[in-house]
Each structure stands twice: as structure tokens, then as C-alpha cells.
Amino acid sequence: MVRDSALFYDVRRTYEQNYREGPFGAFAEALAADTADVPRHTASDAGDAPDAAPDYELFGNPIDLPFGIPAGPLLNSRFTTAAFRMGFDVAVYKTVRSRAWDCNPFPNVLAVHPDAPDGALHPGDPQLDEGVLADDRYEQPLSISNSFGVPSRDPDQWQPDMRDAIVAAGQGQLLVPSFQGSRVAGMDTEAYIADHVTTARLVAETGARLMEMNTSCPNEGRNRLLCNDPTLVGTIAEAVKSEIGDMPLIVKLAAMATDAELERMVDETAAHGRVQGFAAINTISGRLVDRDGRQALPGEGREHSGICGAAIREAGLDMVRRLSAIRARRGLRFVIVGVGGVDSPSDYQEYREAGADVVMSATGAMWNPNLAREIREVRSVR
Ligand SMILES: Cc1cc2nc3c(=O)[nH]c(=O)nc-3n(C[C@H](O)[C@H](O)[C@H](O)COP(=O)(O)O)c2cc1C
């Protein structure tokens, strides 16, 4: 494990400090060096000429290595540009909103220690309600909490920055903007749908080639996820698509417990051409407690938090396998972005074999900024 001081998103500083001063560690060095030193196209065939066409594509965009960092830890264009330089070829710009939105109070990240022999957490696991120990002992295999509340700058700030992020992608690299709707007091469903459409339009204005819609943070209030309502996701996706036209839309999902739920999500979205891809999974929500059994994160409404990292790897792989099976059985063509607990080249490979077209790592990459480089090295000697 790298030293905590080398994290590109430093969990010991506030979100605001990270936004203004980050990235840190190796990402900061890559940004200062102003050049990418990760070898390009060392992909599957070691005999290829270095400048041969990339092996992969995402919605027609060539991708050198289908690996990247999902929505969250890349707060602005400095972070996404550094990620590109470190060889993360698909970088997701942190979820933006139609309006400025505050971050939850510090701290936002704690180390999480599930009580299970294999350390895994699945949706419906009783300890998610009974309490999972959280503290500041960051140990491998690493799982963390993620309690930010999806903060956003005002569009006047994030739009020009997102534009910079998009043009900083090198050959074989792609910037994916992430957005979500904002449910505010007094807003009815129609206005909530309209807020998604407005935000998608603001994203499209930046020159985006595709976008990801987050339906898997507590957008609907405490512990309520939009993706638990596939009909509403379908309605929103249809409205968003009528705004963005041919631009591909990915929907970010949480782990869904039953096949019936997942099948219904596909029915309401991809089966109608309203959605061209799914990213899975987002964090799994759990009640976090300190060693005395008290609420671990301070403040009202923060009894539960999203958990990510090693503990959710099996749940992420399971969702990717199930999505892949539905895709094959129904002859659909949606893209699958596999996320959750990826921390090594073998995790990357396992997700690819499960059916992921692109694989991403948030927690793993935060603690190992060389993860994309390591995956390239393993692939080049195969
Ligand atoms: C610091 C941090 C912030 C995150 N913020 C967002 C976000 O704004 N939008 C989103 O869709 N997912 C967000 N996520 C969830 C990740 O995209 C990802 O789905 C989750 O962390 C599982 O991947 P991992 O196990 O590799 O961390 C965040 C994750 C982390 C660690």
C-alpha cells in the first residue's frame, strides 16, 4: 500500500481543500511534469507496433486500455488530466448538478471493517443495518466510506472546467461527464425530471461525447435511490435522450438484489434505446459505527453511508455477470462498465471476463496511483 500522504484525493483534508489544492502525490507530479510517461498501446498483442490503432473503443471512441476511474475522486480538470497522464484512459468527471450543492461535513471517508471471513458485503447483509465498524485504520484489503452528499459547483464554474477536462484527453483516452438530478424541497416529479434534462443539456454544451447519469446515490433523500424505481429512471432517461439526441447515455446503478429488478431496469431503459450503457456498481449503503457502537460519522442523516472498495468486489462482479447474461439472452448491445473493489490486474481481468467492456477503480486507484500502469505491464507480457 502507498503511504496515505501519496493519495491523489487526500482523505485527511476536506473536500474543499482537495478541490482547490489537489491532486496530490503522484498525480500532482504527473500534472507538473506536463507529459504522459505511461507507454501507449502495450495492449493485448505484444507484437503490435507501438503506434498501431488502439484495440478497444467505447461508442466509437478509440480507447487504448479500457480501464479508468469512475465518478467521484476526480473532482475537476486537474484531477482528470492527471489521471489521463497516469494511464487511466477513461476518466469520469465527478457528478455535477444544475446548481451549487454543499458537501457533507468532514470527515467524509473512514476505513470500514466488515465482520465476515472474506470481508465481503452484499445487499441485504444484516450487518449493513446492525452496524459495520468504521475508523481511521486504513489496511488492506481496503474498504472505505464515502459520505460526500454529491457536492457540486455552480454550472458557471463546472462548465468551463469540464470543457478543459474533455480536451485534455490524449489519443485513445476519453472523458466521461457524470451528472444527476437534484430533488429539492417542494419539487414535484415533473420538475425533478426537468432538472435532469437541464443538467444533461448543460453537460452537452461542454462538448461531451457521452454522459453518465447517476441514479445510485441517495438522490431521493436519505437511503432512497432513484434506481430503485426503474419506471421513473426510464421516464427520466427518455426525457434526457430527447434533449441530447444521439449522444450515448450511461446509467450508473447500485447493486440490485433481485434479477427481476434488474430485468425491469433493462426493460425500462436499454430495451427501448433510452440508455446505451450501465455502470455498476455504486457504493453499498451501511450503518457505520465506531468501536463503542456509536454513529461513526458526525451529524444528522449520516448514520448510513456508502461503502466501497474491496468489500463490494463480489457484489460488483455479480451485477456485471447478471447484466452480461441479460444482454446475451436478449440480444441487446448495451455497454457494461464494471466498478467495485478493483485493486489489482487480476481484479481487472476478472471483471473483463465477467462481461465488463470497461473496468474502473475508485478506492483502489486512490491508494495506488500506479494501478493503470500495473495493469498495462501484466497485459504486455501475456
Ligand atoms: C471519494 C469518492 C467519491 C464518490 N463520488 C461519487 C459521485 O459523485 N458519483 C457517483 O456516481 N459515484 C461516486 N462514487 C462511487 C464510485 O464511482 C464507485 O461506484 C464506488 O466507489 C465503487 O468503486 P470502488 O470500490 O472502486 O471504490 C464515489 C466514490 C468515492 C471513493
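For clarity, every value in this text was computed on a predicted model and none was experimentally measured. Whatever order the structure lists them in is the order used to number ligands and atoms, beginning at 1. Numbering of residues begins at 1 and proceeds along the displayed sequence.
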* To do: Compute whether any side-chain donor of one residue and acceptor of the other, for Asn214 and Ser178, lie under 3.5 angstrom apart.
  =>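 On atom types as modelled, these side chains do not qualify, holding no pair under 3.5 Å.
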* Asked: For residues Ser344 and Asp347, is any side-chain donor paired with an opposing acceptor at under 3.5 Å?
  ->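 Result is yes, a qualifying pair exists.
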Report the part of [X] (side chain from C-beta onward, or backbone N, CA, C, O) that has a heavy atom under 4.0 Å from ligand 1; answer both or neither where that applies.
| X | result |
| --- | --- |
| Asn214 | side chain |
| Thr363 | both |
| Lys94 | side chain |

* To do: To the nearest 0.5 angstrom, please state how far the CG atom of Asp10 sits from the CD atom of Glu21.
  =>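 Separation between the atoms: 9.5 Å.
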Give the single entry among [options] that approaches [atom] most closely by any heavy atom.
| atom | options | answer |
| --- | --- | --- |
| atom 20 (C) of ligand 1 | Gly338, Cys308, Ser147 | Cys308 |
| atom 14 (N) of ligand 1 | Ala310, Ala254, Ala71 | Ala71 |
| atom 7 (C) of ligand 1 | Leu74, Thr215, Thr95 | Thr95 |

List the closest protein heavy-atom neighbour of [atom]: residue, atom name, distance to the nearest 0.1 Å.
| atom | result |
| --- | --- |
| atom 26 (O) of ligand 1 | Ala362 N, 2.8 Å |
| atom 29 (C) of ligand 1 | Asn146 ND2, 2.9 Å |
| atom 11 (O) of ligand 1 | Lys252 NZ, 3.1 Å |
| atom 23 (O) of ligand 1 | Val339 CG1, 3.4 Å |
| atom 15 (C) of ligand 1 | Asn282 OD1, 3.3 Å |
| atom 3 (C) of ligand 1 | Gly72 CA, 3.4 Å |

Under a 4.0 Å N-O cut-off, is there an ion pair linking [X] with [Y]?
| X | Y | value |
| --- | --- | --- |
| Glu16 | Arg153 | yes |
| Arg313 | Asp343 | no |
| Glu205 | Arg201 | yes |
| Arg376 | Asp89 | yes |

* Please answer whether the main-chain N or O of Leu249 pairs with a side-chain N or O of Gln276 as donor and acceptor at a distance below 3.5 Å. =>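 Yes.
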* Asked: Does some non-hydrogen atom of Ile281 fall short of 4.0 Å from ligand 1?
  ->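 Per 4.0 Å heavy-atom rule, Ile281 contacts ligand 1.
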* **Whether Phe148 lies under 4.0 Å from ligand 1, heavy atom** =>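 Checking ligand 1 against Phe148, which is what was asked, there is a heavy-atom contact under 4.0 Å.
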* To do: Could you give me the CA-CA distance, side-chain angles and deciding distance for Ser216 and Asn282, then say whether side-chain hydrogen bond (donor to acceptor under 3.5 Å, both in side chains) is met?
  => CA-CA 6 Å; Ser216 46; Asn282 212 315; 2.9 Å; yes
Using a 4.0 Å cut-off to any heavy atom of [X], which atoms of ligand 1 qualify?
| X | result |
| --- | --- |
| Gly341 | 24 (P), 25 (O), 26 (O) |
| Gly340 | 23 (O), 25 (O) |
| Ser361 | 26 (O) |

* Asked: Would you say the ring centroid of Phe148 lies under 6.0 angstrom from that of Tyr19?
  ->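 Aromatic pair excluded; centres sit 6.0 Å or further apart.
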* Asked: Has Arg13 got its NZ or CZ under 6.0 Å from the middle of the six-membered ring of Phe24, at an angle within 45 degrees of the ring axis?
  ->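 Checked: cation-pi criterion met.
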